[in-house]
2 protein chains.
Amino acid sequence: MSGLESVNQIDISSLKVACKDCNLYQLCLPLGLENDDLERLDSIIKRRRPVKRHAYLYQAGDAMRSIYAVRSGSFKSFTLTDDGTEQITGFSLPGELIGLDAISTGQHISTSKALEMSHVCEIPFEKLEELSSVIPGLQRQLLRIMSKEIAHDQSAILLSKKSAEERLACFIMSLANRFEARGFSSREIHLTMSRVEIASYLGLAVETVSRVFSRFQQDGIMSVNRRAIEIKDMDEVHNLAGAKPSSR
Amino acid sequence: MSGLESVNQIDISSLKVACKDCNLYQLCLPLGLENDDLERLDSIIKRRRPVKRHAYLYQAGDAMRSIYAVRSGSFKSFTLTDDGTEQITGFSLPGELIGLDAISTGQHISTSKALEMSHVCEIPFEKLEELSSVIPGLQRQLLRIMSKEIAHDQSAILLSKKSAEERLACFIMSLANRFEARGFSSREIHLTMSRVEIASYLGLAVETVSRVFSRFQQDGIMSVNRRAIEIKDMDEVHNLAGAKPSSR
DNA sequence: ATTATTTATTGATATAGGTCATTCATGGAT
DNA sequence: ATCCATGAATGACCTATATCAATAAATAAT
């Protein structure tokens, strides 16, 4: 297979899938839309483009013109400290929208970077706003998605009150749930992010993340082989994740 | 002044202020709306009601029918652990909307409780949704407010990566900024929440919050007298808040 | 294939912040 | 005015997790 053919294949696979044929339909923005409405939404989606591993979707400070729906792959969102350290605020999976935090200021406040070869649908925000005032179902779904993001972020705020074990269990649990909703196994998880990235997101040291993974494995809760996780005792992960920090 | 008159007064002060006469106009939902549109929004706001100190606006599990705009006073949002400990996820000041996290599920996932005698405007969500598909400016503003909430929550996620001093500085800084936007002093702050509540929000022990406040006072950064804070060195608070956790 | 580089694990030690205990202040109730 | 209950501050001590250091395993580069 030549390089050129390969490029064509990518174009085909990434450009030709309309919302109505997308398997993420019921997780993504088009949920609830039918026929005409769906096609109108489809028509404003400027292009479905591939994003290479480690490529930026946008950077903090960029003007926000579009939001993005992840079609395949995964992304991390982060800000940088003065000394250049990444502060990861979240990970995005297929069907999730990226860039919603920038609507209010019109400028991206965080940077979004692909963790692996990924594809996104670019949705020009101005057109989306216009369209959603004409299509009630679209407005509805946009509000619901944003509300879900708020709810998710608030549960992430609770992380700062939890122990290292609880944090990691919450993280794995969240991934398992999200994978399951996407039709993947919730037991076997392939992590696309490094230990450093997990640690940054959870507010822990890398070494602590490693150690807690090892402990989980020793306790038979999950098997851990670098980025391949297999959850053996889902109930226990659930318990650990749900277990709230001790009170006095 | 008799009790009855007092009640009437409350009714007058809380019921008679239309959005167009509200001093929170430019911070709240009506921003950008004019004349007719503004009055239409005003007409769906079911009632402006007083909420006594320690009274609930809603509780986790309640069906979400309305969202609320704080007119005066302040609120805390929290969930409970198994053992009944409050996990505070945020505080709400005048002009801010409460309940946005419940749109996605239609059920409140957290409880909202007044920290002091407060007033809210109750906005039936169904009607708001209808109205915002007719009034583009309203849709716009609703999206902007939700986006701002997402951005704010994401900055709160960063707390779990910070030291106790940084967390408290961030907290004070956020309050100062929000008060300033509301036309209050950003230097002299009256905290309406207890040390326990601050500690819960920041994921620290009460004692740590006390100690850090004392340290801030010793260092001449602020004067602290129970709930009365006076910021002496705003730059230093800013530095501490902005100072990102050390990297290796 | 071989070497270099990144990523992950594990151990030893240090420390920030938690926990327990006591005292002091404050504001509401009697 | 006095008492009581609650909230806040401070000290002594301990523990969870960070930091430093070394090694191993897995990719990437030559």
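Proteins come first, then strands; the chains are lettered A, B, ... in the order of their sequence lines, and each starts at number 1.
- Map Arg195(B) and Arg167(A) each onto its nearest nucleotide of DNA chain D; the residue landing nearer the 5' end is Arg195(B).
- Summarising the geometry, the separation between CD on Glu166(B) and P on dA16(C) is reported as 12 Å, rounded to the nearest angstrom.
- Taking atom CZ of Arg53(A) as the reference point, atom C1' of dT27(D) lies 10 Å away to the nearest angstrom.
- The distance between atom NZ of Lys161(B) and atom C1' of dA18(D), rounded to the nearest whole Å, is 16 Å.
- Between Ser110(A) and the choices Thr79(A), Thr89(A), Asp101(A), the side chain to side chain donor-acceptor pair (under 3.5 Å) rule is met once, by Asp101(A).
- Of the candidates dT9(C), dT17(D), dA8(D), dA8(D) carries the atom nearest the Arg226(B) side chain, counting heavy atoms from C-beta on.
- Taking 4.0 angstrom as the limit, Arg211(B) places none of its side-chain polar atoms (N or O) nearer than this to OP1 or OP2 of dA9(D).
- The nearest whole Å value for the distance from the CD atom in Glu86(A) to the P atom in dT7(C) is 11 Å.
- Ranking dA9(D), dG17(C), dT10(C) by closeness to the Ala164(B) side chain, first place goes to dG17(C).
- Gly99(A) and His108(A) get closest at one heavy-atom pair: CA-CE1, 4.2 Å.
- We find that CG of Leu168(A) is positioned 17 Å from P of dA16(D), with the value rounded to whole Å.
- OP1 and OP2 of dT7(C) both lie 4.0 Å or more from every side-chain N or O belonging to Arg227(A).
- Remark: P of dG11(C) and CZ of Arg215(A) are 12 Å apart, rounded to the nearest angstrom.
- Distances shorter than 4.0 Å separate some side-chain N or O of Thr208(A) from OP1 or OP2 on dA18(D).
- Distance, Leu202(B) CG to dA16(C) P: 19 Å, rounded to whole Å.
- Under the side chain to side chain contact (heavy atoms under 4.5 Å, CB included) test applied with Met193(B), the options Phe75(B), Phe171(B), Tyr201(B) reduce to a single match, Phe171(B).
- For Glu207(B), counting side-chain heavy atoms from C-beta on, the closest listed nucleotide (dA18(D), dC20(C), dG18(C)) is dC20(C).
- Atom pair Phe216(B):CZ and dA8(D):P shows a separation of 17 Å (rounding to whole Å applied).
- Below 30°, between 30° and 60°, or above 60°: for Phe179(B) and Phe184(B) the angle between ring planes is above 60°, a perpendicular geometry.
- Here Ser194(A) does not reach the OP1 or OP2 of dT6(C): none of its side-chain N or O atoms lies under 4.0 Å away.
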Review point. For Lys148(A) and Glu96(A), what are the C-alpha separation, side-chain angles and deciding distance, and is it a salt bridge (charged side-chain N to carboxylate O under 4.0 Å, His left out)?
Key: CA-CA 10 Å; Lys148(A) 196 173 179 182; Glu96(A) 293 174 346; over 6 Å; no
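- Phosphate proximity of dA8(C) to Ser210(A): absent, as no side-chain N or O sits under 4.0 Å from OP1 or OP2.
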